[in-house]
S.K.: 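The structure follows.
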Amino acid sequence: MNKIRTAVVTAAAVGMTIASLSSATAAAPVAPKFLSASQLPASISPWHADPVKQGLPDSGSPCTAGIAPKASTAYRDFRTELDTSARQTTTVAPSTAKAKALASRLRASIEGCLNRLKDTHPGLEGEAFYHGRINVEEGAHVYSIDTADPDVGSTDIGLYSVGRDGRTVTVIEWGQLGDLDGAPLKGFKKTTGVAVAKLY
């Protein structure tokens, strides 16, 4: 009888262990997915994607640096053989409310970026535009910043977007030499929609 009782207890313990492991596996957070190189706006030369890296990049964007927390952020850099580059930065916030607040801060930082650039680079000229909302998950917002430095004779165009899916916020940044007329705004909007929809 003791052997039978011991066997029953052992079987029950094993069952509880398996159940606990199954619950832990089911509860494990799913990491958000990133864009692939083929999902970037069309370019004359092919896009190359770096591996996804945890934390914040050493060289942050002047428009979004210092906003997202390092501990819950990851990023991926993209580049072409020409002077075109892009970056996706994704942050998983502790709650939906904090993700919403983070997205608002990022949008405000992008909206005020041109003025900050002009303050730090006297003589810089430029225009900034808001290109509307994309209806994907909790929404995404698209911006452009077109700058020209008369002293150097260079022009740069940057496209930016901030999107949110629940408690996850993703930022897409794209830049190259030139101006807004030569930027793939339509393609960038499509990329932004794909990025937000692809997170989970």
Side-chain angles (χ1 to χ4, degrees), residues 28-43 45-96 98-114 116-117 128 131 134 136-145 147 156-177 183-185 187-200:
V30 178
K33 295 183 177 66
F34 278 73
L35 290 166
S36 63
S38 63
Q39 293 169 323
L40 273 289
S43 179
S45 62
W47 283 99
H48 302 280
D50 288 347
V52 174
K53 299 179 180 178
Q54 299 301 311
L56 295 169
D58 293 333
S59 57
S61 161
C63 292
T64 59
I67 308 294
K70 181 178 181 179
S72 55
T73 298
Y75 70 96
R76 169 175 262 179
D77 284 334
F78 304 86
R79 64 195 182 284
T80 70
E81 295 175 2
L82 303 177
D83 292 321
T84 306
S85 61
R87 172 178 289 160
Q88 180 180 8
T89 306
T90 298
T91 303
V92 180
S95 67
T96 299
K98 290 187 177 182
K100 187 176 181 179
L102 174 61
S104 295
R105 290 197 302 272
L106 286 163
R107 289 183 59 197
S109 184
I110 293 171
E111 289 165 0
C113 187
L114 179 59
R116 295 197 303 275
L117 289 173
H131 296 282
I134 298 174
V136 56
E137 299 302 339
E138 275 67 60
H141 300 267
V142 179
Y143 304 84
S144 69
I145 300 176
T147 58
D156 294 278
I157 176 65
L159 301 178
Y160 303 84
S161 63
V162 180
R164 183 172 68 87
D165 180 359
R167 61 189 186 94
T168 301
V169 178
T170 194
V171 177
I172 312 297
E173 300 170 274
W174 175 100
Q176 72 175 19
L177 297 175
L185 181 59
F188 183 77
K189 287 184 174 181
K190 181 179 179 181
T191 292
T192 295
V194 170
V196 178
K198 186 179 181 179
L199 288 170
Y200 298 104

S.K.: Can you tell me how far CD of Q176 sits from CG of L159, rounded to the nearest 0.5 angstrom?
M.R.: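 Between atom CG of L159 and atom CD of Q176 there are 8.5 Å.
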S.K.: Under 3.5 Å, is there a donor-acceptor pair between the side chain of Q88 and the main chain of L35?
M.R.: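 Yes; judged by distance alone, with no hydrogens or angles, the pair exists.
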S.K.: Is it the case that the side chain of S109 and the backbone of R105 share a donor-acceptor pair, with hydrogens and angles ignored and the cut-off at 3.5 Å?
M.R.: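 No, because the side chain of S109 does not come within donor-acceptor range (under 3.5 Å) of the backbone of R105.
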S.K.: Can you list everything that forms a side chain to side chain donor-acceptor pair (under 3.5 Å) with S38? Sequence neighbours excluded, please.
M.R.: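 Expected list: S36.
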S.K.: A side-chain contact here means heavy atoms from C-beta on lying under 4.5 Å apart; do T90 and L199 qualify?
M.R.: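 SC-SC contact between T90 and L199 confirmed.
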S.K.: For H131, give me all partners under side chain to side chain donor-acceptor pair (under 3.5 Å), at least two apart in sequence or on another chain.
M.R.: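 Here the qualifying residues are S144.
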S.K.: Among pairs that include at least one residue of residues 85-94, which meet salt bridge (Lys or Arg N to Asp or Glu O under 4.0 Å), considering only residues two or more places apart or in two chains?
M.R.: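 Sorted result for residues 85-94: D77-R87.
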S.K.: Is there a side-chain contact between L185 and V142 (heavy atoms, below 4.5 Å)?
M.R.: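 Side chain of L185 against side chain of V142, heavy atoms only: contact under 4.5 Å found.
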S.K.: Using side chain to side chain donor-acceptor pair (under 3.5 Å) as the criterion, list what pairs up with Y75, not counting sequence neighbours.
M.R.: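 Residues passing side chain to side chain donor-acceptor pair (under 3.5 Å) with Y75: none at all.
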S.K.: State the CD1-SG distance between I145 and C63, to the nearest 0.5 angstrom.
M.R.: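 If we round to the nearest 0.5 Å, I145:CD1 and C63:SG are 3.5 Å apart.
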S.K.: side-chain contact (heavy atoms from CB on, under 4.5 Å) for Q39 and T191? Distances and angles first, verdict last.
M.R.: CA-CA 6 Å; Q39 293 169 323; T191 292; 5.5 Å; no
S.K.: Quick check on K198: does its NZ atom have over 12 non-hydrogen neighbours (other residues, nucleotides or ligands) under 6.0 Å away?
M.R.: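 Counting neighbours around NZ of K198, more than 12 heavy atoms of other residues, nucleotides or ligands fall under 6.0 Å, so yes.
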S.K.: Can you measure from OG1 (T168) to OH (Y200) and round to the nearest 0.5 angstrom?
M.R.: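 It is 2.5 Å, given to the nearest 0.5 Å.
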S.K.: Are the side chain of T192 and the backbone N or O of S161 linked by a donor-acceptor pair below 3.5 Å?
M.R.: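 It does not hold such a pair.
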S.K.: Please name the residue in the list L106, T89, V196 that meets the side chain to side chain contact (heavy atoms under 4.5 Å, CB included) test with V169.
M.R.: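 The single option meeting the side chain to side chain contact (heavy atoms under 4.5 Å, CB included) with V169 is L106.
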S.K.: Between CH2 of W174 and CH2 of W47, what distance do you get to the nearest 0.5 Å?
M.R.: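 That separation rounds to 7.0 Å.
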S.K.: Using every non-hydrogen atom in the two residues, find where A68 and L56 come nearest and quote the distance to one decimal.
M.R.: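 Residues A68 and L56, closest heavy atoms: O-CD1, 3.5 Å.
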S.K.: So how far is it from R107 CZ to Y160 OH, rounded to the nearest 0.5 Å?
M.R.: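 It comes to 16.0 Å.
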S.K.: Indicate the atoms forming the closest heavy-atom contact of H48 with E81, along with that distance.
M.R.: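 For H48 and E81, the tightest heavy-atom pair comes out as NE2-OE2, 4.3 Å.
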S.K.: Taking only residues two or more places apart in sequence, or in another chain, which ones meet D83 in a side chain to side chain donor-acceptor pair (under 3.5 Å)?
M.R.: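 Once residues adjacent in sequence are excluded, D83 has no partner under the side chain to side chain donor-acceptor pair (under 3.5 Å) criterion.
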S.K.: Determine the minimum heavy-atom distance between S45 and T80, stating which atoms define it.
M.R.: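 Smallest heavy-atom distance, with atoms named: OG-CB, 3.3 Å.
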S.K.: In chain order, what residues pass the salt bridge (charged side-chain N to carboxylate O under 4.0 Å, His left out) check against R79, with sequence neighbours excluded?
M.R.: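 Salt bridge (charged side-chain N to carboxylate O under 4.0 Å, His left out) check on R79 returns D50.
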S.K.: When rounded to the nearest 0.5 angstrom, what distance separates CD1 in I110 from OG1 in T64?
M.R.: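 I110 atom CD1 to T64 atom OG1 measures 6.5 Å (nearest 0.5 Å).
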S.K.: Nearest heavy-atom pair of T96 and R167: which atoms, and what distance?
M.R.: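 It is N-CB, 3.8 Å.
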S.K.: I need the minimum non-hydrogen distance between P184 and P41, along with the two atoms involved.
M.R.: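 Smallest interatomic distance, heavy atoms only, reads CG-CB, 3.7 Å.
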